[in-house]
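What follows is a set of notes on a single structure, which appears directly below.
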Protein chains: 2
Amino acid sequence: MARVTSQRPPASVGQPTLDEVARVAGVSRATASRAINGGQRVSARAQSAVDTAVRTLGYVPNPAARSLVTRRTDSIAVVVPEPDDRVFSDPFFAGTLRGVTRVLGERDIQLVLLLARPGASTARTLRYLTNRHVDGALVVSHHRDDRLAEHLADIGLPCVFGGRPWTGGDRVAYVDVDNVAGEREATEALVARGCTRIGTIAGPADMTAAEDRLAGWRQAMSSAGLAADAVEHGDFTEASGEAAARALMERHPDLDGLVVASDLMAAGALRVLAELGRRVPDDIAVVGFDDLGVAERTSPALTTVRQPVDEMAERATRLLLERVDEPDSRPMRVIIPPTLVRRASA
Amino acid sequence: MARVTSQRPPASVGQPTLDEVARVAGVSRATASRAINGGQRVSARAQSAVDTAVRTLGYVPNPAARSLVTRRTDSIAVVVPEPDDRVFSDPFFAGTLRGVTRVLGERDIQLVLLLARPGASTARTLRYLTNRHVDGALVVSHHRDDRLAEHLADIGLPCVFGGRPWTGGDRVAYVDVDNVAGEREATEALVARGCTRIGTIAGPADMTAAEDRLAGWRQAMSSAGLAADAVEHGDFTEASGEAAARALMERHPDLDGLVVASDLMAAGALRVLAELGRRVPDDIAVVGFDDLGVAERTSPALTTVRQPVDEMAERATRLLLERVDEPDSRPMRVIIPPTLVRRASA
DNA sequence: CCGTTGCGTGGAAGCGCTCCCACGAACCGG
DNA sequence: CCGGTTCGTGGGAGCGCTTCCACGCAACGG
């Protein structure tokens, strides 16, 4: 008489295990495993037996068990430190997500969205990343105060930043558009069309992209011998663009050119300019930054600096996957040249 | 002489295991585990010894190992079948994500974003969900053809739908706004203000929300004894709203009221109406649906039906977590009443 | 003819964790 | 003072998988 030794429920019913596949296929568990994972060193006979068994049983490998031994999870995190509402609705974020999923889809890797809540410390995020719940991390929209780049470098998790991080930029890989060159080019375009009083609406001072664009504007202004005194900061939202434009036009009513660090802010600025009765581009020429859809829909359509977010996200993701596969490789930087897209506003 | 039997690298160096914690704390692995997980049946002495050990070693439990035995992953999926670009930039999606993360943050549960690529079959998604990589699924923005609800009910994965699914609505839980009532109320508001020729821009016919809103419009029109003949369909984007408005005004130049199934489409419609020289609301009153930010920024500001997405997402997430904890509970439906927000456009 | 190679295979050892169970100690009321 | 309860504890099994290793076998060159 067989001793009944089952002490727990017999594993969630209906979920076949590798053992059962092996039994049905008439091979050992080891062979079944090999057959399922690429089929190296497996005879054609065994392979097809396993394939059949997998199909008839509806077998799906248990990812936890697999991950326990392989030490890989086949998932990466997209980290958004302190996501204000802005992040979600920002076309930049949308494009990023699109680019990332496109690449991940090719390799059956999943995306874990890690959103630190506003105000919450990054401790939770770091703890999650530390315990290797994911194979790597893609960090977007980071701010000055979170020293995420350094922390991630410390724990040795493969990671790639979207946009140059404030600190630790030499220790982590990142993909960025050449913000300085982009905004310089934008400014030069205004100079070339004859503007002499050019102001700028910059982004939040705690983001490198914003600072770099501001630097680009300054460079171009200085090269042209123009005074770089008309600066106002926004936070990349449309509303902040309106406010900044209003303040700027009040302080410098003589502006004939406006370099704005994002299209969304530029859209806000255009609205204010229309309100004030300034014709664009005749009275004042405006150039934006991003070209992620908004620029085409403003009136007048916005001349802007295009950053190819989708492509950048793709590059970043591929870079990350490479680093996951090859953790000891040197952190790489990819700097993508932006292009000026001429429309009606300048 | 000790036999050297290490056959593999000694576990990824630096990652302490529960064994080491137990050793340092001077207790057994079982006790250490108990202390770490809530501390039931653990003496104060043991508890603090373990706590200290955890801290000094920087121990973080290996989620794969834990998940292997508990059969839980402490993560849920947010499933977006066929995400066109629209989904990402849609404030609806943004709000949903915000609501979901808020709830998940309370319980240290992670969010896996499952985006079926456009055109790709849902097979991959289903496979992923089948193998219990996540504890549950929240499905948003599903379309008619993916029989996701039924599939998920079949595999028995706890899931909650955002919006009533086309089929299988009786087998899965969902949270929805009362679209019929909402659009009926919107239409009635136009009737009340004296409109007699009321058209509608409906959403895509393969989404229940769109169909329900259309039904609400029809109901109100019929109750008021008005002809429900001016219907045009869009896909919830601003561009489609423009096109639909154009078509509608061409076919029915006498319209004095317009019920639009989303604010984004309404924004497009407003633009077209301005272009055609129709004054809103004097010549034609317009009412939208959503109230997720866009409505406040159109000109004139949009009277609209507010659906509290954040709250809905929260409710849906809580519902999902309940079902994860209590898989045998009956699938619940939460129908949230929308409210009409009166602004300038009607 | 026999070592050598290479290939396909299965046995078995874990991966790091949870949790069942048995065990001893402390505590209780009778 | 003793049987019964409660409590804290550790041993150990096992979750489902990958992978090391040893083994048998056919093919092959000397």
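Chain A is the first sequence line, chain B the second, and so forth, proteins listed ahead of strands; every chain is numbered from 1. None of the values given here were measured: they were computed from a predicted structure.
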Under the salt bridge (Lys or Arg N to Asp or Glu O under 4.0 Å) test, residues paired with [X] that sit two or more places apart:
X      : value
B:R127 : A:D108
A:E150 : A:R147
B:R107 : B:D325

Side chain to side chain donor-acceptor pair (under 3.5 Å) filter on B:R171, not counting sequence neighbours, yields B:D154
If you measure from [atom1] on [X] to [atom2] on [Y], what distance do you get to the nearest 0.5 Å?
X      : Y      : atom1 : atom2 : answer
A:S75  : B:L113 : OG    : CG    : 12.5 Å
B:L115 : B:T125 : CG    : OG1   : 8.5 Å
A:C159 : A:I76  : SG    : CD1   : 11.0 Å

Describe the nucleic acid contact of A:A64 in one word from base, sugar-phosphate, nothing, applying a heavy-atom distance below 4.0 Å.
-> nothing
Length of the [atom1]-[atom2] vector between [X] and [N], whole Å:
X     : N      : atom1 : atom2 : answer
B:Q15 : C:dC15 : CD    : C1'   : 13 Å
B:D74 : C:dC17 : CG    : C1'   : 13 Å
B:N37 : C:dC17 : CG    : P     : 10 Å
A:D19 : D:dC17 : CG    : P     : 8 Å
A:R66 : C:dG16 : CZ    : C1'   : 18 Å
B:R72 : D:dC15 : CZ    : P     : 20 Å
B:L57 : C:dG16 : CG    : P     : 14 Å
A:R41 : C:dG10 : CZ    : P     : 15 Å

Is A:R164 salt-bridged to A:D176, going by a charged N under 4.0 Å from an acidic O?
-> no
Can a salt bridge be assigned to the pair B:R102 and B:D310 using a cut-off of 4.0 Å between side-chain N and carboxylate O?
-> yes
Taking for each residue the nucleotide of DNA chain C bearing the nearest heavy atom, is the 5' side occupied by A:L68 or by A:R45?
->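 Result: A:R45.
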Which pairs pass salt bridge (Lys or Arg N to Asp or Glu O under 4.0 Å) with one or both residues in residues 24-35 of chain B, sequence neighbours excluded?
-> B:D19-B:R29
So, with a heavy-atom separation below 4.0 Å from DNA chain C, the residues of residues 21-29 of chain A are A:V27, A:S28, A:R29
Apply ring-ring contact (aromatic ring centres under 6.0 Å, His included) to A:Y128 and list each qualifying residue two or more places apart in sequence or on a separate chain.
-> A:H133
Kindly write out the residues that satisfy side-chain contact (heavy atoms from CB on, under 4.5 Å) with A:S48, not counting sequence neighbours, or none if the list is empty.
-> none
side-chain contact (heavy atoms from CB on, under 4.5 Å) involving A:P158 - partner list, sequence neighbours excluded | A:R132, A:L320, A:R323, A:V324
So which nucleotide from [options] ends up closest to the side chain of [X]?
X     : options                : answer
B:V69 : C:dC17, C:dC15, D:dG16 : C:dC17
A:R71 : C:dC15, D:dC17, D:dT9  : C:dC15
A:A30 : D:dG10, C:dT18, C:dA12 : C:dA12
A:T70 : D:dT19, D:dC17, D:dG14 : D:dT19

Given C:dC15, is OP1 or OP2 found less than 4.0 Å from the side-chain N or O atoms of B:N62?
-> no
Counting just side-chain N and O atoms, does B:T31 come under 4.0 Å of either OP1 or OP2 of D:dG10?
-> yes
Whichever of B:A65 and B:S43 has the more 5' nearest nucleotide on DNA chain D, that residue is B:S43
List the steps, then state whether side chain to side chain contact (heavy atoms under 4.5 Å, CB included) holds for A:R318 with A:E106.
-> CA-CA 11 Å; A:R318 285 191 210 289; A:E106 299 166 4; 3.1 Å; yes
Protein-nucleotides 24-28 of chain D N/O pairs under 3.5 Å:
none

List every contact pair, protein side and nucleotides 24-26 of chain C side both N or O, where the distance is under 3.5 Å.
none

What heavy-atom pair brings A:L57 and A:P16 nearest, and what distance separates the two atoms?
->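 So the two residues come closest at O-CG, 3.5 Å.
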The helix from C:dC1-D:dG30 to C:dG30-D:dC1: angle between terminal helix axes, five bp per end, to the nearest 10 degrees, reads 40°
Is there a donor and acceptor pair closer than 3.5 Å between the side chain of A:R34 and the base of C:dG10?
->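 Answer is yes: a donor-acceptor pair is held.
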